[in-house]
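In what follows, chains carry the letters A, B, and so on, assigned in the order in which the sequence lines appear, proteins first and then strands, with residues in each chain numbered from 1. These figures come from a predicted structure and were not determined experimentally.
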Protein chains: 2
Amino acid sequence: MVTMSDVAREAGVSVMTVSNVLSDRRPVGAPTRARVLAAVEALGFEVNLTARHLRAGRTDTVALIVPSFHDYFGEVADEIAPLVEAEGRHLVLERTSANPEHEMESLSVARLQLYDGVLLSVAALDRDQLDRVRTPKPIVLLGEHEVPDRFDHIKLANEEGARLATSHMIEGGSRRILALGAAYESAHKMTTDRRVGWETAHREAGLPVDERYVVPVTTYSSQGAREALLDVVASGLPFDGVFAVTDVIALGAVAALAESGLRVPDDVQLAGFDNLDVSSFVPPGITSIDPNHRGVAQDAVRLLHRRMADAAAPAEHIVAPVRLVVRGSTRGGR
Amino acid sequence: MVTMSDVAREAGVSVMTVSNVLSDRRPVGAPTRARVLAAVEALGFEVNLTARHLRAGRTDTVALIVPSFHDYFGEVADEIAPLVEAEGRHLVLERTSANPEHEMESLSVARLQLYDGVLLSVAALDRDQLDRVRTPKPIVLLGEHEVPDRFDHIKLANEEGARLATSHMIEGGSRRILALGAAYESAHKMTTDRRVGWETAHREAGLPVDERYVVPVTTYSSQGAREALLDVVASGLPFDGVFAVTDVIALGAVAALAESGLRVPDDVQLAGFDNLDVSSFVPPGITSIDPNHRGVAQDAVRLLHRRMADAAAPAEHIVAPVRLVVRGSTRGGR
DNA sequence: CTGTTAGCGCTTTCAG
DNA sequence: CTGAAAGCGCTAACAG
């Protein structure tokens with residue numbers, strides 16, 4: 001391995017001068033600089049980032065820690081990456097597998113030390129577990145959980161979004177709207193928040209809230225949603241609308257409705273949440289709640305930068321606004 | 001910050017003993033061990049991974065470097081993660097933004113030094129650029145490009161997959177099949193390989209190959225595909241089948257066909273490539289070529305482990321087999 | 001503008 | 001089974 005002292009010897013300067021040329025932290029005379037760069041080139045030197053990190057106490061790297069790499073998180077990550085890079089830092093993704101044990105491990109101070117800042121999308125940790133995370137590292141939490149006040153946090157307007165989607169379907173004539181993937185008690189606070197919004201929409205319209213229309217799913221996948229909805233159809237419970245708590249769930253619903261011979265939106269209106277890319281392409285277009293991924297990404301990075309600049313700043317808690325995007329899966333679109 | 005020497009002092013042992021307890025590299029007497037662990041607990045010590053990395057020359061971390069975080073790569077990453085973790089290493093994702101400049105930078109030896117091994121999904125680099133990557137780091141290349149022989153490499157059976165999908169639609173009665181997203185000359189070798197498979201299917205069936213049916217897309221997104229296909233419809237070119245070079249492209253085709261009032265598969269058969277989750281849920285189900293993500297992930301991790309164990313092993317070049325998954329978007333399914 | 005010194009926190013090596 | 005010394009490769013701080 002070629003080290004800085006090899007380069008220094010080759011160029012006839014001190015190690016410090018090589019360091020200064022490469023990091024631009026102090027001015028170096030033009031001729032000296034040229035000799036150093038020539039030596040770097042000749043020897044094929046590349047700085048050892050691990051050594052730099054240890055000495056400088058800085059890695060110029062931000063981690064985004066997510067439950068899984070695909071779907072929602074992949075889309076958000078692609079929004080965050082350019083914002084982090086714009087500040088001259090690298091973004092790396094790690095995943096926790098939505099497994100509380102792994103999630104705690106990802107949060108171990110040891111692992112966090114590798115980064116200058118961390119964006120953590122909490123999936124399975126409750127407030128108490130988060131409270132045990134004691135680190136001076138700048139952390140911004142993303143996600144729908146309740147978190148200790150001392151953390152910066154961004155969540156979506158879950159109730160509001162669910163209410164908007166449900167009201168929209170009520171206005172379109174639906175009277176028996178399933179809340180697919182929603183729950184009364186759940187490790188995922190998001191599913192209960194969105195259930196509440198679904199209830200609120202009913203109350204506002206003077207419609208009764210029937211618990212049988214809250215349909216949980218066993219696995220939060222399209223497949224799980226498909227099976228759950230097919231079970232409802234088989235049970236004979238009449239319905240004319242489906243509010244899916246996420247677009248991934250809505251996708252499973254689309255499949256189940258098609259297989260059951262139910263037409264969207266004629267027989268059943270359908271709305272989702274997250275506004276994934278796919279929702280605008282699946283015919284007839286899935287009405288969804290747009291959480292403004294880009295805006296959330298910007299807020300997240302802004303909070304993290306603020307926190308990295310000032311560890312003592314008061315924690316900020318943002319509820320990101322959402323909006324309804326009407327497509328062909330509900331009446332009133334097109 | 002609490003360091004090992006703080007712990008050593010607290011426990012009344014040497015720094016070395018603390019290190020041995022924590023890394024399990026040398027046996028430590030039970031009572032000593034207990035004192036050390038108590039001190040670790042009392043002080044809240046966490047090992048400094050950067051220092052460990054520098055000294056040990058090892059990070060126990062593998063990087064998967066991909067063009068973007070979403071869709072295809074996110075799904076593959078979720079398959080790879082558990083395999084890497086099973087060997088006691090961490091997986092991190094970095095992205096190159098499918099931009100040749102960034103891709104070269106991600107490949108800088110400096111950045112690679114941070115990892116014990118790298119899985120690199122080449123998107124925009126040609127063989128010459130890859131040939132300039134000179135590093136002793138274990139690297140396994142993934143993707144459809146041609147790569148220098150000295151690299152381990154896994155690619156899909158692109159021609160074969162395209163041929164299978166196209167032949168299947170020909171058997172189902174299609175005679176005018178668009179190759180949507182395919183190309184004659186392209187930075188993406190994949191798009192030309194799949195075009196060749198489309199041609200082969202025609203030749204085998206004794207059908208003419210009409211260049212007008214090769215429809216490039218400007219951006220490799222569903223939206224780009226949707227627009228390209230709407231343009232074809234508007235042009236009046238008759239067609240009764242669409243081979244989409246990826247499922248993301250196929251999704252855009254589904255939207256465009258629906259908007260044009262063309263029924264799938266009655267008026268137009270449709271097949272994609274990649275077998276993304278979404279393809280099984282979009283009605284009527286998109287016939288696709290399954291690249292066996294899990295198998296590719298296993299091969300990739302196997303090659304990387306072999307390379308990490310033996311830097312001098314001969315490079316292996318794997319063409320991963322694919323299979324046709326028939327769904328409702330083609331006749332002969334269901 | 002350039003150099004010298006010291007040391008980041010850990011683990012390898014050698015010694016007991 | 002435990003310890004002391006040395007140093008991984010780099011940069012902050014201080015000197016000239």
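- An OP1 or OP2 oxygen of C/dT12 is reached within less than 4.0 angstrom by a side-chain nitrogen or oxygen of B/R25.
- Here C/dT12 is the nucleotide among D/dG9, C/dT12, C/dG3 with the atom lying nearest to any side-chain atom of B/M16.
- A side-chain N or O of B/T59 and one of B/D116 form a donor-acceptor pair less than 3.5 Å apart.
- For the pair B/S14 and D/dT2, the criterion of a side-chain N or O lying under 4.0 Å from OP1 or OP2 is not met.
- At whole-Å resolution of the value, CG in A/D60 and C1' in D/dT11 are 13 Å apart.
- Using a 4.0 Å heavy-atom distance criterion, B/V15 is classed as a base contact.
- Remark: P of D/dA12 and CE of A/M4 are 10 Å apart, rounded to the nearest angstrom.
- Nucleotide D/dC10 holds its P atom 13 Å from the CG atom of B/L114, rounded to whole Å.
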Checklist entry - Going through the checks in order, is the salt bridge (Lys or Arg N to Asp or Glu O under 4.0 Å) test met by B/E316 and B/R307? => result CA-CA 10 Å; B/E316 206 168 311; B/R307 176 66 48 204; over 6 Å; no
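- Position along DNA chain C of the nearest nucleotide to B/M1 versus B/R58 favours B/M1 as the more 5'-ward residue.
- Salt-bridge formation is detected for the pair A/D24/A/R33: a Lys NZ or Arg NE/NH1/NH2 atom is positioned less than 4.0 Å from an Asp or Glu carboxylate oxygen.
- Of the candidates C/dT2, C/dG9, D/dG9, the closest approach to any side-chain atom of A/V28 belongs to C/dT2.
- If you measure from atom CG of A/L49 to atom C1' of D/dG9, you get 11 Å, rounded to the nearest angstrom.
- Here the P atom of nucleotide C/dC1 and the CG atom of A/D24 are 12 Å apart, to the nearest Å.
- When rounded to the nearest whole Å, the span between CG of B/N48 and P of C/dT11 equals 9 Å.
- One atom, CD of B/E46, and another, C1' of C/dC10, lie 15 Å apart when rounded to the nearest Å.
- A straight line from NE2 of B/H53 to P of C/dT12 spans 13 Å, rounded to a whole angstrom.
- Closest approach to the A/A51 side chain among D/dG9, C/dG9, D/dA13 is made by D/dG9 (side chain taken as heavy atoms from C-beta onward).
- At D/dT11, one or more side-chain N or O atoms of A/S19 fall inside 4.0 Å of OP1 or OP2 (strictly under the cut-off).
- Nearest-nucleotide positions on DNA chain D place B/V13 closer to the 5' end than the other of A/V47 and B/V13.
- The residues B/R111 and A/E46 are annotated as not salt-bridged, no charged nitrogen and carboxylate oxygen being separated by less than 4.0 angstrom.
- Distances shorter than 4.0 Å separate none of the side-chain N or O atoms of A/R52 from OP1 or OP2 on D/dG9.
- Contact annotation: A/T50 does not reach the phosphate of D/dC8 (side-chain N/O to OP1 or OP2, under 4.0 Å).
- Mapping A/T3 and B/R26 onto DNA chain D by nearest heavy atom places B/R26 closer to the 5' end of the strand.
- With respect to the salt-bridge test (charged N to carboxylate O, under 4.0 angstrom), the residues B/R294 and B/E79 qualify.
- A/R150 contributes a side-chain N or O that, together with a main-chain N or O of A/D131, makes up a donor-acceptor pair within less than 3.5 Å.
- In the set D/dG3, D/dT2, C/dG3, the nucleotide with an atom closest to the side chain of B/T32 is D/dT2.
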